[in-house]
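Encoded as structure tokens, the structure appears first; notes follow it.
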Amino acid sequence: MQERYDPAIVEAQVQAFWAERKAFSVKEDPSKPKYYCLSMFPYPSGRLHMGHVRNYTIGDVISRFMRMQGYNVLQPMGWDAFGLPAENAAMQNGVPPAQWTRQNIAYMKRQLQSLGFAFDWERELATCDASYYRWNQWLFLRMLEKGIAYKKTGIVNWDPVDRTVLANEQVIDGKGWRTGAPVEKREIPMYYLRITKYAQDLLDALDSLQGWPERVRAMQANWIGRSEGVRVSFPYELDGERRVLNVFTTRADTLMGVTFCAVAPEHPLATYAARSNPALAQFIEECKRGTAMEAELALMEKKGMPTGLFVTHPITGAEIPVWVGNYVLMTYGEGAVMGVPAHDERDFHFAKKYGLPIRQVIDTGAGRWSAEPAQWDPAFESHGTCINSGKYDGLDHEQAVDAIAADLQAQGLGEKQVQWRLHDWAISRQRYWGCPIPLIHCARCGDVPVPDKDLPVLLPEDLVPDGSGNPLAKTSSFLDCECPNCGAPARRETDTMDTFVDSSWYFLRFACADNDSAMVDERVNYWMPVDQYIGGIEHAILHLLYARFWTRVMYDLGLVKVQEPFENLLTQGMVLNDIYSRRTADGRVQYFNPADVEVLYDAKGARIGARLKSDGQPVEWEGMRTMSKSKNNGVDPQELVSKYGADSVRLFMMFKAPPEDTLEWSDEGVEGAARFMRRLWRIVYEHVQQRERQAGAVPSLEPSKLTEAQRAVRRAAHSTLVKVTDDIGRRRVFNTAIAAVMELLNTLSKFDDDSPQGQAIRHEALELVVQMLSPIVPHACQALWEALGHEGDALIDRPWPKPDPAALVQEEIEIVVQVNGKLRGRVTVPAQATEDEVRSAALAAPNVQKWTEGKPIRKVIVVKGRLVNIVI
RNA sequence: GCCGGUGUGGCGGAACUGGUAGACGCGCCGGACUCAAAAUCCGGUUCUGGCAACAGAGUGUGGGUUCGAUUCCCUCCACCGGCACCA
């Protein structure tokens, strides 16, 4: 054993040891309980960032811990390898996306290996490999057959200069990111997956996901957005034809208070009216250009314009004006709303602004208005009793909704309806670097699916996109083909699939990544569901919802036996770092990396400022944010690993904050972790040295012959084991587990008993420390385990230690004594003392008597093993 | 605007089921070692008063329940995250 802790040497040796034994390769084994621990696979952007390191460290700790608990643990890793950044990189440097992506994968794989994660690399997959994405295509064809996949038009952002479709993130202030040209909305044919068919099931099943964070379930429920209401039809005549304007409302009880209707700018009625009304046409154009549907627009001014058209109230027969409103969404419900200004805040402000009548039809308990109110009051929206509503007067909310829905239905002018916010999933992307959609367009036969025998439709890997449209559409070797039906020359579909498709089932493929004749096989049933899924909260909605949907489709096709893929979900918090800046002479802001900044403290350790190391001049602290290039506050994992070693980085990440909280990066914190590693190493080293000097076996422990001080140290070791086991296994918090081990190590370093029994206790405790820390800092622990006399023994295959119940027994315990809830003393009593004995000991304590003297004692509360509270 | 989350020393955090507030670490202060520095080790570190024993205050604000509240309930405030003007 080396005297000095040198992580570079230790980690290289231990990684070689694992590699030699194929320590992380795992096979299905029906004799053992299985545990599938999965971290979200990364996009191969080039380098790992600290968020990845945190994510995968959490997964690795859980995996290693469960393995030591006796589970057959699967922890795979792969690459979410299709996507836009590869195309952007190609445009910049002319390298084909395939090449760029595979280089990145190779580099990042080495990074992951240097961190010592126990991944089974034999199951590695990349979604850009045909052996993977062919099954996207295969399942898409099954979905087509089932009617789950279908074609309809959809609206996309069109850059007229580059003649290309832009992603939302490529549209900045309504302009194309590269060309700066105003983006147009275009309607093009696309393929959709009918996720709405599963809406009710996806919603209902959320209740069964008890292992998911409450907030993620809430976010999904809101996203699915079930709402019960009534579809109301307002009849009208146009060009001599009788038609209806449909609206959806959850407040059918306020129908008698309708004074206008508002339609979305894209609504056909708006389009019709605009034809003969240039001002309206201009207004509609404005609305469409605005960055609609963004959160900040919640505060946007509600604007509208009359169409000049009128519809008929389905019950009163009154004429109702139709407006175009910038706040009405075409994508929700019918793209039209009924305006009830007396009982809806938006409608109220709209009516006030444009002088529309306000008609109270609900008595919300505050009575009837004598005059129209000038200000909105949230109470107006409450449920109440119908008034001014003719035959509905006196009905409450539910009764009125039922009665009105029934009357509308009788006339064929409406019915109760369930409305979903969720819409079908558009998977077509007009991009090159993705999975080709397996269809062929034939002039005679229409859209023809590629026959299974011709799969996969291979994506050519040598193309370099230049930003002007999809290169597939210009590559005849890809484009030109024969119609599988009639043999006539035909054109291949050039759209590729949304990359969310790739990530919707990769967790299934890890079970059988080597199968080239089927998408999944029996092994999936052994491993699924994923027992622990770990990833960022940013995937709380889309990825997780799509994966749940996709798994259900595969279930319905008989391919898998689970409907819910992820049993437990841990959403790890973001990694933040300080932001330092300085305003330059020309008014720009310059950001400095925290590594180049020195923080200044006062004599009490409070932070008073910061300055740049290179010039000593002050810099401004702007708080902490997620690491990003633009704020120059990133930290490179690779530099840290070479400076401190993987174990110190892993230890710091797990110690600094609970996994679900944000983690504030600090260089001093990593130094602290490294310091702890050196300390641990030294304590084991000194113990081992002592053993070698005495050249004998470790004295055997004789629990019955221990002194009180020796028993206390042994009790500390075993009770730490109890806590650490619970913290990692049940509570999934690692910071407190590490703190407990640090405390134990502090105890051990003060325990300088060199008697044979003292040495035996130290040896036992150090073995426990090394075992307890091994999921977190696996390299150093393996080396220390060998140094403690287990040469060549793989710690990862050792069973997790069990505490000795006898070591935990305590003869005496300390009881806290309070007087009127305030701490006034402590007494030590035998552990098995009766309540009466504890009470009299407490009352007799000197400091307590001082406070109770001469006062009548009203009550004494005794909490077993904890405290006594004397009420006077 | 809505939904969700979080507020505890100089800082990150701990206190799991209502029972000793501040574990553990960082920073800071003091000491040992050293010619010196770094590293390492030892001690101290919520605030106020006191040499001390000890006393008082204290978990964003104001209230409530309780023998007892960081923990439960209500009000308000601040910050963070998500988004969907959802009819």
How close or far is atom [atom2] of [N] from atom [atom1] of [X], stated in whole angstroms?
X        : N     : atom1 : atom2 : answer
A:Ile683 : B:C41 : CD1   : C1'   : 11 Å
A:Arg678 : B:A39 : CZ    : P     : 9 Å
A:Met338 : B:A87 : CE    : C1'   : 8 Å
A:Phe652 : B:C24 : CZ    : P     : 19 Å
A:Leu255 : B:A87 : CG    : P     : 16 Å
A:Leu663 : B:G25 : CG    : P     : 18 Å
A:Leu651 : B:C26 : CG    : P     : 11 Å
A:Glu214 : B:U6  : CD    : P     : 12 Å

By ring pair (Phe, Tyr, Trp, His ring centres under 6.0 Å), which residues pair with A:Trp681, not counting sequence neighbours?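 A:Trp681 satisfies ring pair (Phe, Tyr, Trp, His ring centres under 6.0 Å) with A:Tyr5 only.
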Nearest-nucleotide pick for [X], side chain only, options being [options]:
X        : options             : result
A:Phe248 : B:A87, B:C24, B:G68 : B:A87
A:Met742 : B:C24, B:C86, B:A55 : B:C24
A:Leu329 : B:C85, B:A57, B:A55 : B:C85
A:Met574 : B:G82, B:C26, B:G81 : B:G81
A:Trp851 : B:G27, B:G56, B:C67 : B:G56
A:Gln818 : B:G19, B:G81, B:A87 : B:G19
A:Asn869 : B:A55, B:C67, B:C24 : B:C67
A:Asn746 : B:G19, B:A21, B:G25 : B:G25
A:Leu867 : B:A87, B:A55, B:G19 : B:G19
A:Asn326 : B:C85, B:U20, B:G68 : B:C85

Would you indicate what [X] reaches in the nucleic acid, counting non-hydrogen atoms under 4.0 angstrom: base, sugar-phosphate, or nothing?
X        : answer
A:Arg625 : sugar-phosphate
A:Thr249 : sugar-phosphate
A:Arg824 : sugar-phosphate
A:Arg858 : nothing
A:Arg215 : sugar-phosphate
A:Gly672 : sugar-phosphate

Can you check the distance between [N] and [M], where both ends of the measurement are the [atom1] atom (answer in whole Å)?
N     : M     : atom1 : result
B:U61 : B:U70 : C1'   : 15 Å
B:U59 : B:A23 : C1'   : 16 Å
B:G44 : B:G50 : P     : 22 Å
B:U65 : B:U46 : C1'   : 28 Å
B:G43 : B:U8  : P     : 30 Å
B:G18 : B:U71 : P     : 11 Å
B:U48 : B:C11 : P     : 15 Å
B:C29 : B:G63 : P     : 40 Å

For [X] and [Y], indicate whether the former's side chain and the latter's backbone hold a donor-acceptor pair under 3.5 Å.
X        : Y        : result
A:His267 : A:Ala262 : no
A:Arg359 : A:Met256 : yes
A:Asp647 : A:Ala780 : yes
A:Tyr580 : A:Val597 : no

Assess whether a salt bridge exists between [X] and [Y], defined as any Lys/Arg side-chain N lying under 4.0 Å from an Asp/Glu carboxylate O.
X        : Y        : value
A:Lys604 : A:Asp602 : no
A:Arg675 : A:Glu671 : no
A:Arg762 : A:Asp754 : yes
A:Asp726 : A:Lys723 : no

So, does [X] get its side chain near the phosphate of [N], meaning an N or O under 4.0 Å from OP1 or OP2?
X        : N     : answer
A:Asn735 : B:A14 : yes
A:Arg731 : B:A15 : yes
A:Lys750 : B:C41 : no
A:Arg675 : B:G27 : yes
A:Asn222 : B:C86 : no
A:Arg217 : B:G4  : no
A:Ser227 : B:A87 : yes
A:Arg682 : B:C41 : yes
A:Arg421 : B:C83 : no

Heavy-atom closest contact (A:Pro314 atom, A:Leu413 atom, distance):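 Result for this residue pair: CB-CD1, 3.8 Å.
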Specify whether A:Trp376 and A:Phe348 have parallel, tilted or perpendicular ring planes, treating 30° as the upper limit for parallel and 60° as the lower limit for perpendicular.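 The rings of A:Trp376 and A:Phe348 sit tilted, inter-plane angle from 30° to 60°.
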Tell me whether the rings of A:Phe500 and A:His543 are parallel (<30°), tilted (30 to 60°) or perpendicular (>60°).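 A:Phe500 and A:His543: parallel rings.
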Can you name the atoms? Protein N/O to nucleotides 7-12 of chain B N/O, anything below 3.5 Å, with the distance.
residue : atom : partner  : partner atom : Å
B:G12   : O2'  : A:Lys656 : O            : 3.1

Would you say A:Thr250 and A:Glu228 are linked by a side-chain donor-acceptor pair, where the criterion is simply a distance under 3.5 Å?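 Judged by distance alone, the side chains do not pair up.
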Is B:G49 in the syn or the anti form, by the rule that syn lies within 90° of 0?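 Because its glycosidic torsion lies more than 90° from 0, B:G49 adopts the anti conformation.
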Report yes or no: is there a donor-acceptor pair, N or O only, under 3.5 Å between the side chain of A:Arg730 and the base of B:C16?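 Answer yes: a donor N or O sits under 3.5 Å from an acceptor.
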Please map the stems of RNA chain B, keeping only stretches of three or more Watson-Crick or G-U wobble pairs with both distances under 3.5 angstrom.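 Listed by first number, the stems are B:1-7 with B:77-83, B:10-12 with B:24-26, B:27-32 with B:40-45, B:46-49 with B:54-57, B:62-64 with B:72-74.
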Please confirm whether A:Phe350 and A:Phe260 have ring centers closer than 6.0 angstrom.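 For A:Phe350 and A:Phe260, the ring centres are under 6.0 Å apart.
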